[in-house]
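Every heavy atom of this structure was used, including side-chain atoms; hydrogens, water molecules and symmetry mates were not.
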Amino acid sequence: MNKVLKLIFTNSKGKTSVITLHNPKNVDADTAKAAMQKVIDANIFDNADINPYATIVGAKYYETQRTPIFEAE
């Protein structure tokens, strides 16, 4: 099973921006919020006068499971 953590923000134009972390540690809401606030406070991602991580929306874990049907020899 693959697990990712998606940190969801809105950019300075109101559109959704996501940072995806593969194989993350388990974190609680307070830890995720604090990490996301550090991304915002760093303000190092401005691109063409658009801040891609302007406000926090939320954080979600996603898990996917692969079920092989067959493998070629």
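Of all the heavy atoms in S12 and A54, the pair that sits closest is N-CB, 3.7 Å. The minimum heavy-atom distance between A59 and A32, with the atom names listed, is CB-CB, 4.2 Å. Taking all atoms of both residues into account, the shortest heavy-atom contact from K3 to Y61 is CE-CD2, 3.4 Å.
Around NZ of K60, the count of heavy atoms belonging to other residues, nucleotides or ligands within 6.0 Å does not exceed 12.
For the side-chain hydrogen bond (donor to acceptor under 3.5 Å, both in side chains) criterion with N2, the lone passing option out of Q65, H22, R66 is R66. Screening I19, N11, N43 for a side chain to side chain contact (heavy atoms under 4.5 Å, CB included) involving Y53 leaves a single residue, I19.
Put simply, CD1 on I40 and NZ on K33 are 12.0 Å apart, with the number rounded to the nearest 0.5 Å. Remark: T55 OG1 to M36 CE distance equals 9.0 Å, nearest 0.5 Å.
In this structure, the side chains of V57 and T16 stay at 4.5 Å or more apart for every pair of heavy atoms. You'll find the side chain of Y62 stays beyond 4.5 Å of the side chain of T20, heavy atoms only.
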Candidate pair V27 and L5, rule side-chain contact (heavy atoms from CB on, under 4.5 Å), full reasoning: CA-CA 10 Å; V27 296; L5 173 59; 4.2 Å; yes

Could you walk me through whether F9 and I56 pass the side-chain contact (heavy atoms from CB on, under 4.5 Å) test, one step at a time? CA-CA 5 Å; F9 301 84; I56 295 171; 4.3 Å; yes

